[in-house]
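Scroll down for the structure; my scribbles are underneath it.
Remember, predicted model here, so these are calculated numbers, not experimental data. Along the sequence shown, residues carry numbers from 1.
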Amino acid sequence: MEPNGTASSPPALSDVDGFDPLKLRDRVVIKLLFEEIVREEQVAKAWEAWRQKPRHKRPALWRAVMEVPGVDASRIRESAAEAYAFEKVTLATETVREFIETVGDVFADDEWAQLREARIVPVTYTRESGERVMVFGTDEPTRHNVNTVLKRVSPQRFEIKFLPTETLDQMLKHLRRQRNEYMDLVEGGEVAVDLGSNFDQDSGGINQDELESQMSRSALINLFEAMLVEAVRQGVSDIHILPGEQRQVEILFRRNGELQPWHTNKRIHPEAFLAVVKDNTLNVDRFERAKAQDGFIQRTVDDTIIRYRVSVLPITTTDHEMHAESVVIRVLDDRNVIGSLGELGLPEGAYAQVERAIRQPYGMVVLTGPTGSGKTTTLYAALQEVVTPRLNVITVEDPVEYVLPGVRQIKLSHKLRMEEAMRSILRHDPDIVMVGEMRDRATAELAIKLANTGHLTFSTLHTNDAPSAVSRLYKMGIEPFLIASSINLVVAQRLIRTLCPDCKTPVEESPEMLEAYGFTDIPADTVFYTANRDSNCMTCGGTGFDGRRAICEALPFTADIRTHIVTAGDTVAEQEIQASAVEAGMVTLQGAAREAVLRGETSLQEMLRVVFTGME
């Protein structure tokens with residue numbers, strides 16, 4: 001770190017001990033440097049990490065370069081394919097999709113699963129010496145498992161070509177899914193025959209005998225199990241179940257942060273289906289309808305253990321004789337846990353700040369943002385960067401969302417409250433601690449005590465931006481000098497939907513509006529896009545959006561900011577803290593969103609929905 005608090009510049013190749021660029025043997029890296037796809041300092045950083053690994057675990061150096069923040073991994077993959085003389089697939093995206101449909105029955109369900117896992121898709125047929133050859137595409141044709149998988153699943157001769165990462169990702173969504181046998185039963189008509197036929201629409205309610213009778217019917221169970229399986233396969237974060245105004249059951253899936261109808265059935269009595277859900281949920285009493293309940297479900301889907309967190313709430317409807325309840329089920333798939341900070345897609349500056357903060361021997365890293373903004377995902381990614389067998393890493397969560405290897409995760413309950421767990425941790429010899437949320441003064445004081453007594457501490461707060469975290473702790477009653485001395489970094493985060501690459505539509509935005517929302521000095525060739533919600537796009541299903549990404553502002557506690565906090569009077573001057581951070585190079589949430597708009601990743605409307613709070 002330089003005296004003024006800025007990071008020193010990364011080393012060049014010639015400055016790295018033991019590395020001679022003139023003797024570089026990795027032809028891909030040589031090609032990348034020659035074509036200026038990567039910079040020398042990025043290769044130097046990859047080399048440092050690469051040489052610290054045991055020899056038998058070292059990948060090709062160019063693969064290590066892909067892990068360096070700021071590099072374009074897709075261009076590196078393409079350059080590697082060229083270096084190893086793999087031909088590139090030049091077919092149109094729609095042509096490949098149609099071909100995948102035509103070979104749907106060529107592979108069994110488990111073979112499609114192997115292709116998805118290995119990131120390989122069939123793209124076309126060709127002929128060689130009069131024999132038909134199936135061509136497969138992947139973005140890393142040099143991976144050792146590509147040939148292994150294809151030899152196992154391909155019924156004939158095959159050829160491997162390079163398929164760009166972005167195109168491959170779109171194709172993988174259209175690979176044939178394993179059959180949902182429960183959904184087949186539901187769609188086969190059992191629901192229409194079995195469900196709801198015994199209920200008198202004028203009777204007002206449902207008695208226990210009728211309820212037991214309905215619950216015993218297989219169609220109710222089939223719909224319940226189909227719902228759990230389909231949610232996992234569609235990448236759903238939450239399942240919502242609620243009674244409709246006409247006594248129908250409505251099931252909605254939350255995908256990419258937006259609720260979408262999945263299944264509605266007027267022949268199912270809501271109380272019967274909700275009773276099935278509650279009866280299959282641990283720690284939930286089916287006969288309790290007047291209070292909130294929390295429970296969980298566990299299933300094996302596609303050979304993977306999936307956990308579901310269930311929340312039940314009594315609600316009021318226009319039908320006063322019905323015991324109405326709303327159920328929300330959070331899908332917890334450990335395969336979705338991001339294993340490193342590099343996978344989060346953070347901007348290079350924010351990544352460097354987070355990486356520097358979590359490498360400190362003590363102090364606190366605070367994540368802020370509303371519910372559902374990805375705070376826990378980022379914390380888990382940061383934790384996995386620092387977990388080693390030599391460190392005792394403990395988390396205190398309510399509830400534990402994902403199980404992390406090498407981490408001792410404490411689950412809170414009515415017998416073990418947050419404050420008690422925190423006090424016990426101090427006697428449990430921790431090195432690194434993650435506190436799920438600082439909800440009150442007692443928890444915040446204990447977390448800060450950990451940070452000030454030689455422990456690296458992670459936690460979250462619910463605030464709108466990074467400077468607000470300081471005033472929130474101040475209002476909790478935490479002394480300013482403790483805040484200033486304990487915190488290394490505050491990161492405010494949001495999830496913003498990304499436009500579908502296949503159907504996003506160019507749009508003209510008025511100069512007055514752009515200027516009002518902070519877009520200045522816009523390059524002349526900039527194209528603005530909007531979501532096309534009226535398309536029949538197979539990639540996004542007509543929603544106009546395809547996935548979400550994190551945007552953030554990273555507020556490092558520089559000497560100036562610590563001084564602002566320590567000298568605060570009755571209130572913490574958030575604007576002064578933000579101004580000082582921006583002067584030191586911090587990009588605000590609004591600035592990060594604007595950059596995403598200018599890159600064509602999202603729309604101006606999505607930016608306004610997620611982060612805009614007023615003129616800057």
Side-chain angles (χ1 to χ4, degrees), residues 283 294 296 307 309 332 334 337-339 341 354 356-369 371 374-463 469-470 472-491 557:
N283 295 341
D294 295 309
F296 66 93
R307 291 167 292 113
R309 192 177 75 225
L332 302 174
D334 289 338
V337 177
I338 293 179
L341 286 173
V354 175
R356 186 179 300 115
I358 67 175
R359 300 298 176 186
Q360 301 301 314
Y362 56 86
M364 181 180 289
V365 177
V366 181
L367 267 291
T368 76
T371 301
K375 299 188 299 296
T376 302
T377 299
T378 301
L379 281 182
Y380 280 174
L383 269 182
Q384 292 186 88
E385 289 277 348
V386 295
V387 169
T388 73
R390 298 185 299 275
L391 297 175
N392 178 16
V393 182
I394 301 176
T395 72
V396 188
E397 304 169 74
D398 184 20
V400 175
E401 295 210 355
Y402 298 102
V403 178
L404 302 178
V407 178
R408 306 179 199 188
Q409 294 174 267
I410 298 173
K411 179 184 177 182
L412 299 177
S413 67
H414 66 282
K415 293 184 178 180
L416 181 62
R417 303 295 183 185
M418 174 68 82
E419 190 173 347
E420 180 185 352
M422 292 289 291
R423 295 188 187 281
S424 297
I425 282 176
L426 290 168
R427 300 187 293 272
H428 213 70
D429 188 30
D431 294 296
I432 300 172
V433 178
M434 186 186 97
V435 181
E437 183 183 348
M438 291 184 288
R439 299 178 179 175
D440 51 42
R441 177 177 178 176
T443 303
E445 284 182 337
L446 287 168
I448 285 176
K449 182 177 181 180
L450 281 165
N452 275 327
T453 53
H455 305 91
L456 181 61
T457 307
F458 299 86
S459 193
T460 68
L461 271 175
H462 285 282
T463 62
V470 178
R472 173 73 185 278
L473 290 171
Y474 184 83
K475 290 173 184 176
M476 281 184 180
I478 308 300
E479 293 291 340
F481 74 90
L482 288 175
I483 299 173
S485 62
S486 62
I487 296 178
N488 296 336
L489 181 73
V490 178
V491 179
F557 272 39

Stepwise, does the side-chain contact (heavy atoms from CB on, under 4.5 Å) test hold for Phe557 with Asn488? CA-CA 6 Å; Phe557 272 39; Asn488 296 336; over 6 Å; no

Yes or no on salt bridge (charged side-chain N to carboxylate O under 4.0 Å, His left out) for Asp431 and Arg390, after CA distance, side-chain angles and deciding distance? CA-CA 9 Å; Asp431 294 296; Arg390 298 185 299 275; over 6 Å; no

Show your reasoning for whether salt bridge (charged side-chain N to carboxylate O under 4.0 Å, His left out) applies to Arg359 and Glu385. CA-CA 9 Å; Arg359 300 298 176 186; Glu385 289 277 348; 3.2 Å; yes

Would you sort out whether Phe458 and Ile358 count as a side-chain contact (heavy atoms from CB on, under 4.5 Å), showing the intermediate values? CA-CA 9 Å; Phe458 299 86; Ile358 67 175; 3.5 Å; yes

Evaluate Met476 against Asp440 for side-chain contact (heavy atoms from CB on, under 4.5 Å), listing each step before the verdict. CA-CA 7 Å; Met476 281 184 180; Asp440 51 42; 5.9 Å; no

Would Glu437 and Lys375 count as a salt bridge (charged side-chain N to carboxylate O under 4.0 Å, His left out) if you check the C-alpha gap in whole Å, the side-chain angles of each, and the deciding distance to 0.1 Å? CA-CA 10 Å; Glu437 183 183 348; Lys375 299 188 299 296; over 6 Å; no

For Ile410 and Glu397, what are the C-alpha separation, side-chain angles and deciding distance, and is it a side-chain contact (heavy atoms from CB on, under 4.5 Å)? CA-CA 6 Å; Ile410 298 173; Glu397 304 169 74; over 6 Å; no

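Ion pairing of Arg307 with Glu401 is absent here, as no side-chain N (NZ or NE/NH1/NH2) approaches a carboxylate O to less than 4.0 Å. Residues Glu445 and Lys449 are not paired through a salt bridge, judged by the lack of any N-O separation under 4.0 Å between the basic side chain and the carboxylate.
Rounding to the nearest 0.5 Å gives a distance of 7.0 Å between NE2 of His455 and CG of Leu426. Note: Ser486 OG to Glu479 CD = 12.0 Å, rounded to the nearest 0.5 Å. Here the CG-CE distance, from Leu367 to Met434, works out to 9.5 Å after rounding to the nearest 0.5 Å. Between the CD1 atom of Ile478 and the CE atom of Met438 there is a distance of 8.5 Å, given to the nearest 0.5 Å. In this structure, CG on Leu391 lies 5.0 Å from CD1 on Ile432, to the nearest 0.5 angstrom. Of the inter-residue distances, the one linking Leu416 atom CG with Met422 atom CE reads 11.5 Å to the nearest 0.5 angstrom.
Here the closest non-hydrogen pair linking Pro405 and Val387 is O-CG1, 4.2 Å. For the pair Pro430 and Asn392, the tightest heavy-atom approach, listed with the atom from each and the gap, is CA-ND2, 3.7 Å.
Looking at heavy atoms from C-beta onward, Val396 lies in side-chain contact with Met418 at the 4.5 angstrom threshold. By the 4.5 Å heavy-atom criterion applied to side chains, Tyr474 and Ile483 are counted as neighbours. Val490 has its side chain within reach of Thr368: a pair of non-hydrogen atoms, C-beta onward, lies under 4.5 Å apart. Within the 4.5 Å cutoff, no side-chain heavy atoms of Tyr402 are placed close to those of Gln409. Between Val354 and Val491 the shortest side-chain heavy-atom distance falls below 4.5 Å. Counting only heavy atoms from C-beta outward, the side chains of Leu450 and Met364 never approach each other to under 4.5 Å. Side-chain contact between Ile394 and His428 is present, with at least one heavy-atom pair separated by less than 4.5 Å. A 4.5 Å side-chain heavy-atom check between Val435 and Thr443 finds at least one atom pair inside the cut-off.
Judged by distance alone, with hydrogens and angles left aside, the side-chain atoms of Arg408 form no donor-acceptor pair with the main-chain N or O of Val393 at under 3.5 Å.
Remark: Tyr362 OH is loosely packed, at most 12 non-hydrogen atoms of other residues, nucleotides or ligands lying under 6.0 Å away.
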